[in-house]
Amino acid sequence: MEYDPADASSLGDMTDSEFREALALVGDWVASYRQRVGRLPVLSRVAPGQVSRALPSAPPSRGDAVENWIKDLDEIIMPGITHWNHPGFMAYFSLTGSGAGILADLISSALNINGMLWKTSPSCTELEEAVLRWYAMSMGLPADWFGTVCDTASTSTLVALAAAREATGLNIRADGLAAKPKLVLYCSEEAHSSVDKAGIVLGIGTQGIRRVPSDECYRMRIDALEEAIRSDLAAGRRPFAVVATVGTTSVTAVDPVSEIARVSQKYGLWLHVDAAYAGTAAIAPDFRWALQGCEEADSLVSNPHKWLFTPIDFSALFTRHPETFRSAFSLVPEYLQTESRGAVDYMDYTFQLGRRFRALKLWFVFRHFGTEGIAARIRNHVHLAKEFADRVDSHPRLERLAPAPFSVICFRARPEGLNDERALEQLNAAVLEKVNASGEVFLSHTRLKGRYSLRLAVGNLNTTGDHLRRAFQLVCEAAGLAL
Ligand code: PLP
């Protein structure tokens with residue numbers, strides 16, 4: 001097609017009236033989705049390739065009407081959605097994209113700002129500073145910590161460990177790793193795989209990551225940590241960081257952070273705390289204990305997109321040493337030079353330049369629920385999980401495999417006389433498949449000290465005691481057990 005300047009007036013975006021109509025349609029779609037999500041099969045039933053086969057192989061050469069996009073959304077895309085916002089979603093970490101968060105994400109897209117510099121949207125920077133201060137305060141963490149929003153905990157941990165590497169003074173930023181001492185970092189055998197990934201990206205290598213054994217409650221063993229540090233020092237390696245976990249992925253165990261902080265200080269190591277899931281629990285004063293000792297940390301990550309009703313993605317990274325993050329990451333090409341007059345330019349503290357206006361959704365979440373409302377909902381989830389755990393504990397043929405300090409329960413079916421681990425694994429894997437095929441609930445699994453375990457997580461705002469009673473019934477039916 002030739003360029004015709006006479007057409008230029010029709011080359012803009014949707015008109016205002018087209019947009020209003022489309023917004024009403026989409027708004028209606030979202031509202032009715034929220035209403036009916038609990039009646040949909042929670043786990044998608046499509047076969048691999050089914051969605052891609054239904055999509056045209058080439059893009060349309062001419063646009064078509066929003067009604068047609070929505071029709072295809074319903075017919076092609078929705079069958080391939082696993083509904084994380086479903087009250088029966090109890091796999092991994094159950095979460096909620098709350099109404100307030102959804103609304104904020106819509107506004108954030110409409111504003112479409114990039115908060116790379118203070119100047120490129122002062123409110124983006126200053127709201128981020130304020131809501132992260134609120135978040136830290138509400139968890140009982142120091143309100144003067146510096147906070148920055150990342151997409152995920154994986155990114156937050158990578159950024160924090162890059163700062164830890166910078167803090168060694170080895171000048172790796174300029175020289176690279178060649179001819180430097182071998183760096184070593186420590187985390188428990190229960191720590192999340194994002195720690196290993198950070199180590200890989202930072203050139204520490206998987207051989208530089210020590211997985212410290214955990215105790216019978218899946219918490220990092222301090223004696224084993226210190227022994228590992230000593231043996232690395234004796235071998236001429238350079239320990240530089242420890243990652244403690246508050247709420248491990250499998251069983252939500254809480255590492256002894258105060259003691260880990262003491263060891264970190266003794267050996268001059270950076271302490272990063274991964275509180276991605278359980279940090280938020282500390283908004284309820286009765287769960288403050290979980291973050292005990294964390295005020296000693298050099299950095300800490302907690303994810304509002306896990307248990308703080310904030311739509312994916314939102315990970316909060318806090319530190320006492322923003323200047324170390326700056327010296328690890330600040331790099332300002334000419335076109336980004338600006339007179340910031342003492343304001344924070346967030347691009348200086350992580351490797352990403354452009355950044356979405358994520359702070360808006362946490363702000364709306366706090367505005368809607370308030371800290372008391374959040375705390376009450378956390379307590380309710382823990383209460384529901386405890387009721388489920390009690391049901392497991394009082395069933396003679398179900399076995400709990402770990403303590404449940406928050407809202408995650410690890411358990412398995414164990415029929416009378418069945419002791420062989422392989423047979424138990426086969427049985428429980430089959431139970432999981434049957435339960436998940438019901439479409440009513442979605443559970444996941446893990447492996448605990450070699451034993452296959454079913455895993456149920458409570459965290460969705462619409463999950464009730466009825467959903468948990470139904471989950472229990474489905475497990476018993478699938479395992480051939482009486483209720
Ligand atoms: N840390 C812990 C303890 C986790 O359980 C998870 C994920 O479940 C992560 C980190 C990674 O989270 P993200 O998906 O935000 O990278």
Side-chain angles (χ1 to χ4, degrees), residues 82 84 89-97 101 135 139 147-162 185-202 209 211-212 214 217-220 241-255 257 260 271-282 287 290-291 294 297 299-318 350-352 356 358 361-362 381 402 404-410 442-448 453 455-460:
T82 289
W84 286 67
F89 188 107
M90 301 171 190
Y92 317 118
F93 283 120
S94 169
L95 41 75
T96 314
Y135 187 33
M139 292 185 286
T148 182
V149 180
C150 298
D151 52 2
T152 58
S154 304
T155 299
S156 294
T157 292
L158 171 60
V159 169
L161 290 176
L185 73 90
Y186 305 82
C187 61
S188 97
E189 59 188 355
E190 293 293 320
H192 190 261
S193 50
S194 52
V195 180
D196 304 76
K197 286 203 180 175
I200 292 166
V201 174
L202 292 169
I209 300 163
R211 287 280 187 165
V212 178
S214 58
C217 291
Y218 305 93
R219 298 170 302 207
M220 189 193 286
V242 185
V243 179
T245 311
V246 170
T248 58
T249 310
S250 280
V251 304
T252 71
V254 176
D255 283 339
V257 180
I260 295 173
L271 171 58
H272 175 63
V273 175
D274 178 356
Y277 155 73
T280 298
F287 290 100
L291 290 180
C294 288
S299 55
L300 178 144
V301 55
S302 190
N303 276 8
H305 78 210
K306 282 192 166 36
W307 207 1
L308 189 44
F309 323 133
T310 307
I312 291 170
D313 48 15
F314 194 125
S315 176
L317 173 61
F318 296 100
T350 65
F351 55 80
Q352 75 179 87
R356 280 171 60 74
R358 291 193 180 90
K361 53 189 170 182
L362 188 52
H381 290 161
F406 303 104
S407 67
V408 170
I409 300 123
C410 291
F442 176 26
L443 310 185
S444 54
H445 80 282
T446 189
R447 192 172 295 281
L448 302 173
S453 172
R455 188 177 169 289
L456 180 145
V458 183
N460 183 271

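Just follow the structure's listing: the first ligand is 1, and inside any ligand the first atom is 1.
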Problem set entry | Atom-level proximity to ligand 1, residues with heavy atom under 4.0 Å | Phe93, Thr152, Ala153, Ser154, His192, Ser194, Gly247, Thr249, Asp274, Ala276, Asn303, His305, Lys306

For this session: Using a strict 4.0 Å threshold on nitrogen-to-oxygen distance, state whether Asp313 and Arg358 make a salt bridge.
Result: yes

Problem set entry | Sequence-distant partners of Leu95, side-chain contact (heavy atoms from CB on, under 4.5 Å), two or more places apart | Trp84, Ile312

Problem set entry | Approximate separation, where rounding is to 0.5 Å, of Leu308 CG and Leu362 CG | 5.5 Å

Exercise. So which pairs with a foot in residues 242-255 pass side-chain hydrogen bond (donor to acceptor under 3.5 Å, both in side chains), sequence neighbours left out?
Worked result: Ser250-Thr446

For this session: Please assess Asp196 against Arg211 for the test salt bridge (charged side-chain N to carboxylate O under 4.0 Å, His left out), listing each intermediate value before the final yes or no.
Result: CA-CA 10 Å; Asp196 304 76; Arg211 287 280 187 165; 2.4 Å; yes

For this session: Not counting sequence neighbours, which residues clear side-chain contact (heavy atoms from CB on, under 4.5 Å) with Ala241? List them please.
Result: Leu161, Ala164, Leu185, Trp270

